[in-house]
Novice: 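Structure in structure tokens, see below.
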Amino acid sequence: MNMDTLLKIGLQTAGVAQLALCVGSVAIPRCLKWSERTACMIPFMQQMFYTYALYILGSHLFFSIVSMFLADQLVQGDGLALAMLAFMGTWWTGRLVCQFFYFDREAIPATRFNKVAECLLVMMFFSLVTVYYGGVIWILIR
């Protein structure tokens with residue numbers, strides 16, 4: 001199997017993982033009790049909070065669709081493909097940095113489910129960074 005084929009499979013797998021993340025994200029507001037925790041906010045701040053959440057969800061869905069259905073174009077590596085791969089790699093790197101250096105994870109109940117979920121999410125974020133930056137590196141060196 002050549003590297004282009006391996007990259008395509010990695011991109012499509014990343015797309016499926018991000019789609020799963022989108023599906024799972026539907027449960028986050030209930031699990032983290034967003035309605036209770038945002039109740040003290042003025043309506044404008046609540047609206048901004050939910051707008052940002054939807055923008056993030058929309059971005060993840062877009063990344064998923066691009067990775068699953070446009071993997072061939074990403075592997076070809078023209079300027080736009082390279083920019084998209086770099087952007088997605090940077091996006092997920094930022095998410096990893098937030099996970100370890102910004103988020104107050106002590107606010108999340110320390111249940112076994114939450115611990116396993118966090119571990120799986122971190123592994124997925126790391127894998128996404130690896131696939132997207134790996135694509136950038138491969139395109140630049142081939």
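Predicted, not measured: the structure shown is a model, and the values here were computed from it.
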Novice: Could you go step by step and tell me if W138 and D4 meet the side chain to side chain contact (heavy atoms under 4.5 Å, CB included) rule?
Specialist: CA-CA 9 Å; W138 172 241; D4 284 353; 2.6 Å; yes
Novice: Give the C-alpha distance, both sets of side-chain angles, the deciding distance and a yes or no for side chain to side chain contact (heavy atoms under 4.5 Å, CB included) between V131 and T13.
Specialist: CA-CA 9 Å; V131 167; T13 303; over 6 Å; no
Novice: Measure the NZ-CG distance between K8 and L70 for me, rounded to the nearest 0.5 Å.
Specialist: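 Going from NZ on K8 over to CG on L70, the span is 11.0 Å.
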Novice: At what distance, to the nearest 0.5 angstrom, does CG of L32 lie from OG1 of T38?
Specialist: 11.5 Å
Novice: Pair F103, R95 - check side chain to side chain contact (heavy atoms under 4.5 Å, CB included), show working.
Specialist: CA-CA 10 Å; F103 290 153; R95 181 58 180 81; 3.2 Å; yes
Novice: Measuring from I141:CD1 to I137:CD1, what's the distance to the nearest 0.5 Å?
Specialist: 7.5 Å
Novice: Taking the side chain as every heavy atom from C-beta outward, state whether R105 and F100 have any atom pair closer than 4.5 Å.
Specialist: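 When only atoms from C-beta onward are counted, F100 and R105 do touch, with a gap below 4.5 Å.
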Novice: Looking at M1, is its backbone amide N or carbonyl O close enough to the side chain of T5 to form a donor-acceptor pair, meaning the two atoms are under 3.5 Å apart?
Specialist: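 No, the answer is negative, given that no donor and acceptor are paired below the 3.5 Å cut-off.
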Novice: Just so I know, are the side chains of L85 and L11 near enough to count as touching, which here means a heavy-atom distance under 4.5 Å?
Specialist: yes
Novice: Would you indicate whether the side-chain heavy atoms of Q47 and Y52 approach each other to under 4.5 Å?
Specialist: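 The answer is no, as the side chains (C-beta and beyond) never meet within the 4.5 Å cut-off.
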Novice: For residues Q18 and S67, determine if any side-chain heavy atom of one lies less than 4.5 Å from a side-chain heavy atom of the other.
Specialist: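 Yes, close enough: below the 4.5 Å cut-off.
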Novice: For atom CZ of R142, decide whether the heavy atoms of other residues, nucleotides or ligands shown that lie under 6.0 angstrom number more than 12.
Specialist: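 For R142, atom CZ is crowded (more than 12 foreign heavy atoms under 6.0 Å).
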Novice: Suppose we call two aromatic rings close when their centres sit under 6.0 Å apart. Are F49 and W34 close by that rule?
Specialist: yes
Novice: Measuring from T51:OG1 to I56:CD1, what's the distance to the nearest 0.5 Å?
Specialist: 11.0 Å
Novice: Decide whether F87 and L96 are clustered together by the hydrophobic rule: side chain heavy atoms of Ile, Leu, Val, Met, Phe, Trp, Tyr closer than 4.5 Å, transitively.
Specialist: yes
Novice: Give the cluster check for I9 versus L74: same hydrophobic cluster or not, with ILVMFWY residues linked at side-chain heavy-atom distances below 4.5 Å.
Specialist: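 Yes, one cluster joins them.
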Novice: Does some side-chain heavy atom of F63 sit less than 4.5 Å from a side-chain heavy atom of L128?
Specialist: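 With C-beta onward as the side chain, the pair stays apart.
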Novice: Please tell me whether F69 and L61 are part of a single hydrophobic cluster in this structure, the criterion being side-chain heavy atoms less than 4.5 Å apart.
Specialist: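 Yes, one cluster joins them.
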Novice: Rounded at 0.5 Å granularity, tell me how far CG in L7 sits from CD in Q76.
Specialist: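 If we round to the nearest 0.5 Å, L7:CG and Q76:CD are 11.5 Å apart.
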Novice: Looking at side-chain heavy atoms only, is the closest gap between T90 and V129 below 4.5 Å?
Specialist: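 Contact flag for T90/V129 side chains = no.
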Novice: Test H60 against every option in I65, L21, L19 by the side-chain contact (heavy atoms from CB on, under 4.5 Å) rule and name the one that passes.
Specialist: L21
Novice: Tell me, yes or no, whether the heavy-atom count around M41 atom CE, taken from other residues, nucleotides or ligands under 6.0 Å, exceeds 12.
Specialist: yes
Novice: Say whether Y55 and W91 are linked into one hydrophobic cluster, either directly or through other cluster members, by side-chain heavy-atom distances under 4.5 angstrom.
Specialist: no
Novice: Do the ring centers of W92 and Y132 come within less than 6.0 Å of each other?
Specialist: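 Here the rings of Y132 and W92 have centres that are no less than 6.0 Å from each other.
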Novice: Side-chain heavy atoms under 4.5 angstrom apart, residues restricted to Ile, Leu, Val, Met, Phe, Trp, Tyr: same cluster for V26 and I28?
Specialist: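 No, separate clusters.
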Novice: Where is the tightest heavy-atom contact between A39 and Q46, given as atom of each residue plus distance?
Specialist: CA-NE2, 3.6 Å
Novice: Is the number of heavy atoms from other residues, nucleotides or ligands within 6.0 Å of OH (Y133) greater than 12?
Specialist: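 Yes, enclosed.
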Novice: Please determine whether the number of non-hydrogen atoms from other residues, nucleotides or ligands lying under 6.0 Å from atom CZ of F62 exceeds 12.
Specialist: no
Novice: Side chains of E118 and N114, heavy atoms from C-beta outward: is any pair under 4.5 Å?
Specialist: no
Novice: Distance from K115 atom NZ to L120 atom CG, nearest 0.5 Å?
Specialist: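 It is 14.5 Å, given to the nearest 0.5 Å.
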